[in-house]
Visitor: 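Handing you a structure now.
Order of the sequence lines fixes the chain letters, A, B, ..., with proteins taken first and strands second; residue numbering starts at 1 for each chain.
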Number of protein chains: 4
Amino acid sequence: MAHTAAKTPVRPQPRAKGQETAARVRSAALRRFATSGYAAVSMREIAADVGVRPGALYNHFPTKQDILKDLMLTHMAELLAAWDKASVEEKMDPLERFVRFHIRYHLERADEVFISYMELRNLEPQNFELVEVERRRYEAILTKILERGSELGRYAVDDAKVATRAIIAMLTGIPAWYREGGHLSEKDIEDLYLKLVRKAVAPGQDTSQRETG
Amino acid sequence: MAHTAAKTPVRPQPRAKGQETAARVRSAALRRFATSGYAAVSMREIAADVGVRPGALYNHFPTKQDILKDLMLTHMAELLAAWDKASVEEKMDPLERFVRFHIRYHLERADEVFISYMELRNLEPQNFELVEVERRRYEAILTKILERGSELGRYAVDDAKVATRAIIAMLTGIPAWYREGGHLSEKDIEDLYLKLVRKAVAPGQDTSQRETG
Amino acid sequence: MAHTAAKTPVRPQPRAKGQETAARVRSAALRRFATSGYAAVSMREIAADVGVRPGALYNHFPTKQDILKDLMLTHMAELLAAWDKASVEEKMDPLERFVRFHIRYHLERADEVFISYMELRNLEPQNFELVEVERRRYEAILTKILERGSELGRYAVDDAKVATRAIIAMLTGIPAWYREGGHLSEKDIEDLYLKLVRKAVAPGQDTSQRETG
Amino acid sequence: MAHTAAKTPVRPQPRAKGQETAARVRSAALRRFATSGYAAVSMREIAADVGVRPGALYNHFPTKQDILKDLMLTHMAELLAAWDKASVEEKMDPLERFVRFHIRYHLERADEVFISYMELRNLEPQNFELVEVERRRYEAILTKILERGSELGRYAVDDAKVATRAIIAMLTGIPAWYREGGHLSEKDIEDLYLKLVRKAVAPGQDTSQRETG
DNA sequence: TATGAATGAGCCTTCATTCAT
DNA sequence: TATGAATGAAGGCTCATTCAT
């Protein structure tokens, strides 16, 4: 009602207690969204997990959508920051570094990763754009690695962008089935996938058409 | 007729008109689930798409969950049937046949494929099991191809199951970004991915560790 | 969610039972809005009055706002229709006819009248416009009576529009304090106000300024 | 000072800053109540207008209801005080004095006046009584003017109380439509209404029944 | 088979108010 | 005096589903 002025929300300056609650909201929402999907999770459930009444959530996030947006943007920011760190620290060839980093990070942060590509469609267009920018930034890392490696003759890829998507899809699929404590360690997974990737982009071996028939 | 005993009266005998409505329900639900996700789609929306009131949907499917289950089981059955046909008709080496088949089918039936792995978690456990059986059956096809090829020395894979998942994840990721009319034709995609897959499983080229440093 | 197609509501074709429920919703809402004001009345209260669950209200009115709009437009339509009938039937001079009609109608339909000018600001702008058009139409009736009477020398008003508003405000204020069974009958009220109005617009007696001091 | 007993500690001693905040709360609430209605205005909106957090309002007014009560009682007190002053200062016959005063005051304090008769029903019964007493006191002024004038033969009213209500309703309706800068000045309005009122209560002209037919 | 109408549960969000800081 | 954080109740509305017609 009241066809009057727009209310300017003006988020309050957070105190220690509030920051902790916000963190617990994030954590509860992450878990629930990953398990049941954004649309199937209610603010009531999140509040119950946090140990707070539903209304209190709105002291920390203006809407449910903002929780999702926060989780996804935070995830992308942390992913990129982690890569920045890894790409400096680890001494390997860039492709190996990327593959190992990606697998490790995606197994450690399975929930974040999962919602980050499962819940894209539940982002309002504006928020979707924000996340997409970061996602493209991440993919560009691998594309550049493949392009540079190709120039140096180390790799041979016909289309670096297609190869990027192929590799990332391949690696990102891991947490969907990998379970700790199975007969494959995380190290095994890294090694197996690294080998597949390396061979896929290796030069000097055009196998196409030859084996047909 | 009037004297036949023991009719199964639970669902009415499907007649022409009902059959068609049911088909339109499936089609509308498929589109909506793929676009917005199972949880975010209401029976009212589906009914509106079909041109019918919500209550009428219950003449064709007992619950919303049953629509999802129907879509996913039908999809898996058709996928496997299509493979049976393709594996007989097409004259290529099995890996190429599988890769080309998978890409083609997944681009043709993008919605079915999409919900089939996005909505798994929205299946009730019982229905989930039914679908999982089919999914494993499909994966087993590629695993067997890789195993037989390995025995024959054509391919070299350290773990055929891991390779299966890697390859399927890679291929299944295509519809997420591929758009008809872009600079790559469907044939281009098939060729590019086929090459990546072939090299990934090619024998005689252990690239590991060598390029490091 | 679901950033997709617009849902076209398509109101159902009403059946007898539904029409009765809708009528009871209107009646309950009328009573409550008049007593407590639109903003202070909840759909739950209306539903309880009607003897139905809140959700059922939405089978008959798309929103709470639509109930208000319906009540106000219906009221204006009925008011104008009643005037059309009265202006044909009753044999009096036009001003008397209007005054007696207005008082009688406004005492009979106290609730409708009351919300019709108390809840104007709770109408969304679009609905407000619809109601305003009718309101102006009603006022025009009195304005025209005063103008014609002035031309004939029966009345003397300096500004027929201002006089219209003055008279209508005066008459409309009656239900705010008049209570049946007090020492004044409805007929008394009619006569008293008619006399005040007649004198106010009577010609041949310019009292201005003379009595000052 | 430090030793004075029996402080009334309920509300803190109003200091400069607090005084000013309270004034701004009154002013914001007045504006909002007039625009949207008491029930449709939230404490959060008022707080935002004032530039303060909702909780801070409770340092100045114990409840939202108290703000309304404060506004209405203050208004009535100021109205009566203004009349006391006007009735001494202005040299005119009492009826003209009252009419001009009422119109002027009601146009100057449109918001106060508006909520004072629109929000009566949102007053809790106890507060309603307090305001009603003042309102009756104000009406009594006009009633007395009419009665005295009648005794002196200056006016002829059949029922001074009814005439009071009729006149006040008529005058009070002005701010609902009058807009500054239109083709009528405030002075024009005063003159037009004064004339209408004078004629309505003028003696020696019984127009009833004569014009009929 | 389809419909209008209803249910009962639940949804996201807002509210007036409280209170430790 | 003001604030950030919380409460408990309630708000309008939507949902999957049922069922007499």
Visitor: Might you point out which heavy atoms bring M43(B) and T63(B) nearest each other, and give the distance in Å?
Guide: CE-C, 4.4 Å

Visitor: Output the rounded distance in Å from OH (Y58(D)) to C1' (dA5(F)).
Guide: 15 Å

Visitor: Could you check whether G55(C) gets within reach of a base, just the sugar-phosphate, or nothing at all, counting any heavy atom under 4.0 Å?
Guide: base

Visitor: Give the minimum heavy-atom separation between S36(D) and N122(C), together with the two atoms involved.
Guide: O-OD1, 3.9 Å

Visitor: Rounded off to whole Å, could you give me the CG-to-P distance for the N59(C) and dT17(F) pair?
Guide: 17 Å

Visitor: Which is true for V41(C) with a 4.0 Å heavy-atom rule: it touches a base, it touches only sugar-phosphate, or it touches nothing?
Guide: sugar-phosphate

Visitor: Grab the CZ-C1' distance between R24(C) and dA5(E) for me, whole Å please.
Guide: 13 Å

Visitor: Rounded to the Å, how far apart are R53(D) CZ and dT17(E) P?
Guide: 19 Å

Visitor: Indicate whether OP1 or OP2 belonging to dT1(F) is found under 4.0 Å from a side-chain N or O atom of T21(D).
Guide: no

Visitor: Could you say whether R15(A) or G51(C) is positioned toward the 5' end of DNA chain E, judged by the nucleotide with the nearest heavy atom to each?
Guide: G51(C)

Visitor: Which pair of non-hydrogen atoms, one from R121(C) and one from F33(D), has the smallest distance, and what is that distance?
Guide: NH1-O, 3.5 Å

Visitor: Taking a pair as Watson-Crick or G-U wobble with both distances under 3.5 Å, which nucleotide is matched to dA20(F)?
Guide: dT3(E)

Visitor: Is any side-chain nitrogen or oxygen of K64(D) closer than 4.0 Å to OP1 or OP2 of dA16(E)?
Guide: yes

Visitor: Rounded to whole Å, please give me the gap between CD1 in I46(B) and P in dT17(F).
Guide: 10 Å

Visitor: With distance as the sole test, does E112(D) use its side chain to make a donor-acceptor pair with the main-chain N or O of L30(D) at under 3.5 Å?
Guide: no

Visitor: How long is the span from the CG atom in L120(C) to the OH atom in Y38(C), to the nearest 0.5 Å?
Guide: 13.0 Å

Visitor: Expressed as a whole number of angstroms, how long is the span from E45(B):CD to dT17(F):C1'?
Guide: 16 Å

Visitor: Nearest heavy atom decides the nucleotide; on that basis, is M43(C) or Q65(B) closer to the 5' end of DNA chain F?
Guide: M43(C)

Visitor: Given atom CD of E20(A) and atom P of dG4(F), what is their separation to the nearest angstrom?
Guide: 18 Å

Visitor: Given that A39(D) and S42(A) both sit by DNA chain E, which one's nearest nucleotide is further toward the 5' end?
Guide: S42(A)

Visitor: Between R44(A) and A56(B), which is nearer to the 5' end of DNA chain F once each is assigned its nearest nucleotide?
Guide: R44(A)

Visitor: What integer distance in Å separates K17(C):NZ from dT21(F):P?
Guide: 8 Å

Visitor: For dG4(F), take OP1 and OP2 only and decide whether either is under 4.0 Å from a side-chain N or O of H60(A).
Guide: no

